[in-house]
Peer 1: 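Sharing a structure below in structure tokens format, with a few things to ask.
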There are 2 protein chains.
Amino acid sequence: MCSCTYDVTVEATGRRRRATVKDVALEAGVSRGTVSRVLNGQPYVSDEARAAIDAAIAKVGFVPNRAARSLVMQSSQAIGLIVHEPHSLFVEDPNIGSILLGANAALSEAEYQMASLIADSPRDVQRLSHFLGAGLIDGVIIVSARVGDPITQAVAHLGLPAAFVGHPRDIGDAAYVAIDNRAAAREVTTRLVGTGRRRIGMIAAALDRDSGSDRLAGFVDALGHRFDPQLVQSVPLYSFSCGQEGMRALLEREPDIDGVFASSDAVAAGALDVLHAAGRSVPEQVGIVGFDDSSWALRCDPPLSTVHQPATELGRAAAEAVLRQLRGEGAGGPHLLECPIIWRGSA
Amino acid sequence: MCSCTYDVTVEATGRRRRATVKDVALEAGVSRGTVSRVLNGQPYVSDEARAAIDAAIAKVGFVPNRAARSLVMQSSQAIGLIVHEPHSLFVEDPNIGSILLGANAALSEAEYQMASLIADSPRDVQRLSHFLGAGLIDGVIIVSARVGDPITQAVAHLGLPAAFVGHPRDIGDAAYVAIDNRAAAREVTTRLVGTGRRRIGMIAAALDRDSGSDRLAGFVDALGHRFDPQLVQSVPLYSFSCGQEGMRALLEREPDIDGVFASSDAVAAGALDVLHAAGRSVPEQVGIVGFDDSSWALRCDPPLSTVHQPATELGRAAAEAVLRQLRGEGAGGPHLLECPIIWRGSA
DNA sequence: ATGAAAGCGCTAACAA
DNA sequence: TTGTTAGCGCTTTCAT
């Protein structure tokens, strides 16, 4: 007999009717309850029944309907990962890919399905805020939220298990994983000072994000009383072109500048470009350091000294924080990861 | 009276019980059916009832449970976007981000929720193949599938509405959107020939993917009888380091090479690096062209001549193809997008 | 060890 | 115009 007989039921429309527990039960000659027990690996099922059911499942091509299961279990074994980035950044951010992969790996091991959700417009934000409360997702990892983020507020309101990558100021005592941007910036600036530079500037990107403002704070810390606000140029984005723009401004204002802390590698690459165009040699006349240890860093000439971001681990740790909450193990608050300084030729 | 009274019901565990249609109906003094009608914007509801229900919804903080709705509607208003990339590529591929954004924009406009699903391990593939059949997703966009991909097979078996970005050979007459890699490669090679080069080589990456093998085919087309297999170096990935590796091999085998078609910008950048190190001037001694028009192209010195990939539009078109199927408008088969050649300084 | 039946939250067909 | 009711596919008591 053709094993495809029960495979699917093609209805008049041409669409297929999926097999249900009932079909399996019928095929195996048992009740739906018993099928369910087998499905969930519960005890008290005879070997014969189990075998018959396994065979029936294979025969009819049964796949449990997760909507039905979610409905009765009040849980979906799926967790969302929200990326809330202004359009341009999502495409360029060197860390997001690794964060996704790290989180996915951890969730996958725990038998959870990760679903990445993009918030790229007010409409998305609106739809997402509802989606999160709709029971299709048991918890959420939030990447790059900003202060006052409606999604953050929706999550808080729903009491959904959550973990942030990064640390917006207004998340209360929610779980987050991050690096200590301020300490890292302090340290890398100190090393730059140690190379003998006297007029060190900073191209400070994304001051509206915690990472951006923390890196500036670290820079200020390191310079102490020698800090000169004239030497800081703020730019909106962590991008190559913002790096160019920032460096041009700095060069114009302070022609004798001999060191630059760029708040990301992309920014540093842009700065380097302008520096070269202006005929300044790096690291001889100007030392420069970046942040991220992204592919930009190695692509520059000379390669950038920078701060390594453990992006994969950030994703993994965030996933584990959510999983812990799902197991009822509490565990909010911070989780800081190491971010070693990588010293190369640019300073 | 405090408007939070009904907001959520906190149970003994501290977890919250979400409000249901029943709560809304009770609060508004109507039946569940009427609430449902309001929820779905159906006619035949009095203004008073509608107002009372709207108020009740706001008061109790009701968000429809999508698992329940999916169950009865047999549809979820969500579509999956599967990225099946070997680890390293996902992080580096310059097009994926834009494809995601394009698809998300189109789906968002149609009131669909997009969920990106990553297949990064055999385990992921296994879990995903089941997930897709579980009714939580109405359709799927598949990015970078390979021939014999188990996910592709699962989708075909389930009869799930699907659209591919790219064109693996074994998807039958399923919908796909792509550029004509072969024609584009032919064209860009022809232009390179037109600059007077006599010994033109190719660094052919990712021959296991349709894009990779098509680009090689186009190169062969363009050269015709002058094609020399000695001048083709195959490398596994579309990456900078593979570009370096490929260029080194080519240079060693054919020191008098004066033109290179690299099958991606990243590959071209690697080749350029090796060329410079070998003291060859570009474009004077060697002309080089890439593919993708990614950020690599502008970052190179000289900037790369390349083929522009309409990544955002690919994503958007794929989403629309799925949406069309969901509306029962058939529409499988190919949808090819333009990919203009961008001529810059590298050749 | 297994079957029967209730119910998760929602929509839709049918009555009223 | 509205209320009532029967499921959607699954898990889970409670009997047996």
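To find a chain, count down the sequence lines: A is the first, B the second, and so on, and within it residues start at 1.
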Peer 1: Has D210(B) got a side-chain atom pairing as donor or acceptor with H167(B)'s backbone, closer than 3.5 angstrom?
Peer 2: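 Checked: pair present.
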
Peer 1: Atom CZ of R37(B) to atom P of dT2(D): distance rounded to whole Å?
Peer 2: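 Answer to the nearest Å: 8 Å.
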
Peer 1: Near DNA chain D, under 4.0 Å by heavy atom, which residues of residues 63-73 of chain B?
Peer 2: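 Residues of residues 63-73 of chain B that come under 4.0 Å of DNA chain D are, in numerical order, L71(B), V72(B).
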
Peer 1: Just the rounded figure in Å: distance from C1' of dG7(D) to NZ of K22(A).
Peer 2: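 The answer, rounded to whole Å, is 10 Å.
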
Peer 1: For V30(A), report the nucleic acid contact type (base, sugar-phosphate, nothing); a contact means any heavy atom under 4.0 Å.
Peer 2: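 Touches sugar-phosphate only.
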
Peer 1: Phosphate oxygens OP1/OP2 of dC8(D): is one of them under 4.0 Å from a side-chain N or O of T20(A)?
Peer 2: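 So the side chain of T20(A) is outside the cut-off, no N or O lying under 4.0 Å from OP1 or OP2 of dC8(D).
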
Peer 1: Can you check the N40(B) CG to dA13(C) P distance for me, whole Å?
Peer 2: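 Taking atom P of dA13(C) as the reference, CG of N40(B) is at 12 Å.
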
Peer 1: Could you check how far CG of D23(A) sits from C1' of dC10(D), rounded to whole Å?
Peer 2: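 D23(A) atom CG is separated from dC10(D) atom C1' by 13 Å.
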
Peer 1: Please walk me through it: do V38(B) and V24(B) pass side-chain contact (heavy atoms from CB on, under 4.5 Å)?
Peer 2: CA-CA 11 Å; V38(B) 169; V24(B) 174; over 6 Å; no

Peer 1: Using a cut-off of strictly less than 4.0 Å, decide whether Q42(B) has a side-chain nitrogen or oxygen near OP1 or OP2 of dA12(C).
Peer 2: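 Indeed, a polar side-chain atom of Q42(B) lies that close.
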
Peer 1: Can you tell me how far apart CD1 (I79(B)) and CD (Q325(B)) are? Round to the nearest 0.5 Å.
Peer 2: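 Reported value, rounded in 0.5 Å steps: 10.0 Å.
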
Peer 1: Within the 4.0 Å heavy-atom criterion, would you say S36(A) contacts the bases, only the backbone, or no part of the nucleic acid?
Peer 2: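 Result for S36(A) = base.
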
Peer 1: Take atom CG of D47(A) and atom C1' of dT2(C), then tell me their distance rounded to the nearest Å.
Peer 2: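 About 15 Å, once rounded to whole Å.
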
Peer 1: In sequence, state the C-alpha distance, the side-chain angles, and the governing distance for L158(A) and R18(B), and then conclude on side-chain contact (heavy atoms from CB on, under 4.5 Å).
Peer 2: CA-CA 9 Å; L158(A) 291 164; R18(B) 314 286 325 286; 3.9 Å; yes

Peer 1: Rounded to whole Å, please give me the gap between CD1 in I57(A) and C1' in dC10(D).
Peer 2: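 Nearest whole value for this atom pair: 13 Å.
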
Peer 1: To the closest 0.5 Å, what do you measure between CZ (R32(A)) and OG1 (T20(A))?
Peer 2: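 Between R32(A) CZ and T20(A) OG1, I get 8.0 Å after rounding to 0.5 Å.
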
Peer 1: Can you tell which of L314(A), L81(A), V83(A) makes a side chain to side chain contact (heavy atoms under 4.5 Å, CB included) with V165(A)?
Peer 2: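 Of the listed options, the one satisfying the test is L314(A).
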
Peer 1: Measure the distance from CG on L136(B) to C1' on dC10(D) and round it to the nearest whole Å.
Peer 2: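 So the two atoms are 13 Å apart, to the nearest Å.
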
Peer 1: Do the non-hydrogen side-chain atoms of V140(B) and I151(B) ever get within less than 4.5 Å of each other?
Peer 2: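 Result no, sub-4.5 Å side-chain heavy-atom pair not found.
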
Peer 1: Taking the side chain as every heavy atom from C-beta outward, state whether F62(B) and V21(B) have any atom pair closer than 4.5 Å.
Peer 2: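 The answer is yes; the side chains approach within 4.5 Å.
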
Peer 1: Has Q74(A) got a side-chain N or O lying under 4.0 Å from the OP1 or OP2 atom of dG9(C)?
Peer 2: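 True: Q74(A) side-chain N/O within range (under 4.0 Å) of dG9(C) OP1/OP2.
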
Peer 1: Check the pair R69(B) / N40(B) against side-chain contact (heavy atoms from CB on, under 4.5 Å), numbers first and verdict last.
Peer 2: CA-CA 11 Å; R69(B) 184 189 289 226; N40(B) 298 294; 3.4 Å; yes

Peer 1: Starting from the first five and the last five pairs of the helix from dA1(C)-dT16(D) to dA16(C)-dT1(D), work out the angle between the resulting helix axes, to 10 degrees.
Peer 2: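 Helix axis angle between the two ends: 40°.
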
Peer 1: Going from CD on Q42(B) to CG on L39(B), what distance comes out if it is rounded to the nearest 0.5 angstrom?
Peer 2: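 Here the rounded value is 10.0 Å.
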
Peer 1: Just call it for E48(A): base, sugar-phosphate, or nothing, with non-hydrogen atoms closer than 4.0 Å on any strand.
Peer 2: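 No contact.
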
Peer 1: Take the protein atom CZ of R32(B) and the nucleotide atom C1' of dT11(C), then report the distance between them rounded to whole Å.
Peer 2: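 Rounding to the nearest Å, CZ of R32(B) and C1' of dT11(C) are 10 Å apart.
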
Peer 1: Which nucleotide, dT11(D), dT2(D), dG3(D), lies nearest any side-chain atom of L39(A)?
Peer 2: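 In terms of side-chain proximity for L39(A), the closest of dT11(D), dT2(D), dG3(D) is dT11(D).
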
